[in-house]
Amino acid sequence: MKIHFDKQVFKTLFKQYYAELDCPDDTAHLVEEYIIPDMLAGLLRVELAELDGQTVGFVIYQIDDIDNEWNFKEGFGDVREIYVAPSARRKGVGRFLMNRAENELTAAGAKGIYCLPCDAATPFFKACGYAESDEYCDELDCPVLIK
């Protein structure tokens, strides 16, 4: 597997991700107006995973900081989004992306790492070593998982 970034490929995968979540938001707008500018400003990282010559997933992560629009746990690493195309699931791509994000967050000095998963993603995060904390995110209506 290989990590890289390609804006057009990311936009396509992000659109697939939101469609799978049944989110009606304009993904092109989200990518162009929020994700890419925040990435270029160094507020978050976006990385794509390639398997057998095809880009099949992405991870978006950051260290929460007062300068970030999303700052839930100051100084902690946040795996904000992770997606693997259905055809590449159960092949280690998700764990590869998680390991990459966790290693980069740890190297950057994160106090710890957390995620705010939807119900369907909770088993994946738990399989990656995350556990429910005593915290809850009211805004996203989900438990805070930590590692």
Side-chain angles (χ1 to χ4, degrees), residues 1-5 10-51 55-147:
M1 277 182 255
K2 175 175 128 177
I3 291 284
H4 66 97
F5 184 76
F10 173 66
K11 285 172 81 170
T12 299
L13 283 173
F14 197 78
K15 185 175 182 175
Q16 291 171 2
Y17 170 60
Y18 261 47
E20 194 171 312
L21 291 175
D22 201 25
C23 290
D25 296 342
D26 178 358
T27 58
H29 173 74
L30 291 173
V31 170
E32 292 294 338
E33 299 297 320
Y34 297 102
I35 298 172
I36 299 299
D38 282 358
M39 183 183 81
L40 294 173
L43 298 174
L44 58 81
R45 302 260 325 248
V46 179
E47 297 187 10
L48 304 176
E50 188 176 292
L51 178 66
T55 303
V56 295
F58 68 82
V59 64
I60 302 172
Y61 58 95
Q62 70 183 43
I63 292 183
D64 285 2
D65 184 273
I66 196 75
D67 292 331
N68 289 1
E69 185 176 324
W70 179 258
N71 180 33
F72 185 73
K73 287 177 68 71
E74 183 91 21
F76 280 74
D78 175 10
V79 179
R80 290 182 53 168
E81 314 283 344
I82 186 166
Y83 175 74
V84 176
S87 64
R89 291 182 185 160
R90 308 205 76 56
K91 296 181 180 177
V93 176
R95 282 187 187 260
F96 174 77
L97 287 166
M98 285 299 296
N99 286 336
R100 172 64 180 204
E102 291 167 356
N103 289 339
E104 293 294 314
L105 289 166
T106 300
K111 295 178 185 177
I113 302 172
Y114 77 96
C115 60
L116 303 169
C118 64
D119 289 340
T122 298
F124 167 75
F125 285 104
K126 286 185 174 181
C128 290
Y130 288 76
E132 285 190 36
S133 70
D134 294 336
E135 295 176 274
Y136 194 83
C137 178
D138 291 325
E139 185 176 344
L140 299 179
D141 190 27
C142 67
V144 177
L145 300 185
I146 59 169
K147 186 168 190 182

Between [X] and [Y], which heavy-atom pair has the shortest distance, and what is it?
X	Y	answer
A120	P123	O-CD, 3.5 Å
L21	C118	CD2-SG, 4.4 Å
A49	V93	CB-CG1, 3.9 Å
C142	P117	CB-O, 3.4 Å
G77	A110	N-CB, 3.6 Å

If we only count heavy atoms from C-beta on, is the [X] to [Y] side-chain gap below 4.5 Å?
X	Y	answer
T27	K11	no
E50	V56	no
L105	F76	no
L40	P37	no
I60	Y83	no
F10	L48	yes
L116	V144	yes
L145	S133	no

Residues in side-chain contact (heavy atoms from CB on, under 4.5 Å) with T12, at least two apart?
Q16
Could you give the distance from [atom1] ([X]) to [atom2] ([Y]), rounded to the nearest 0.5 Å?
X	Y	atom1	atom2	result
D38	D67	CG	CG	10.5 Å
N103	M98	CG	CE	10.5 Å
I113	T106	CD1	OG1	4.0 Å
I36	L30	CD1	CG	11.5 Å
F124	C115	CZ	SG	9.0 Å

Distance alone, cut at 3.5 Å: any donor-acceptor contact between the side chains of W70 and D64?
no
Side chains of Q62 and R45: any donor to acceptor distance under 3.5 Å?
no
Can you name the one residue among E104, E47, R80 that meets side chain to side chain donor-acceptor pair (under 3.5 Å) with Y61?
E47
Can you establish whether the number of heavy atoms outside D25 located under 6.0 Å from its atom CG is more than 12?
yes
Hey, mind stepping through E74 and I66 against side-chain contact (heavy atoms from CB on, under 4.5 Å) and telling me if it holds?
CA-CA 7 Å; E74 183 91 21; I66 196 75; 4.1 Å; yes
Parallel, tilted or perpendicular, as decided by the 30° and 60° cut-offs, for the rings of F58 and F14:
tilted
Parallel, tilted or perpendicular: which describes the rings of H29 and Y34, with under 30° parallel and over 60° perpendicular?
perpendicular
Sorted by chain and number, sequence neighbours left out, side chain to side chain donor-acceptor pair (under 3.5 Å) with E135 holds for K73
side-chain contact (heavy atoms from CB on, under 4.5 Å) evaluation trace for Y130 with V79:
CA-CA 11 Å; Y130 288 76; V79 179; 4.1 Å; yes
Measure from the side-chain N and O atoms of K147 to the backbone N and O of C128, and report whether any donor-acceptor pair falls under 3.5 Å.
yes
Check: A127 main-chain N/O paired with R95 side-chain donor or acceptor under 3.5 Å:
yes
Any salt bridge linking E20 with R89? Criterion: basic side-chain nitrogen under 4.0 Å from a carboxylate oxygen.
yes
Only pairs at least two apart or in different chains count here, so list each ring-ring contact (aromatic ring centres under 6.0 Å, His included) that has a residue in residues 94-119.
F72-Y114
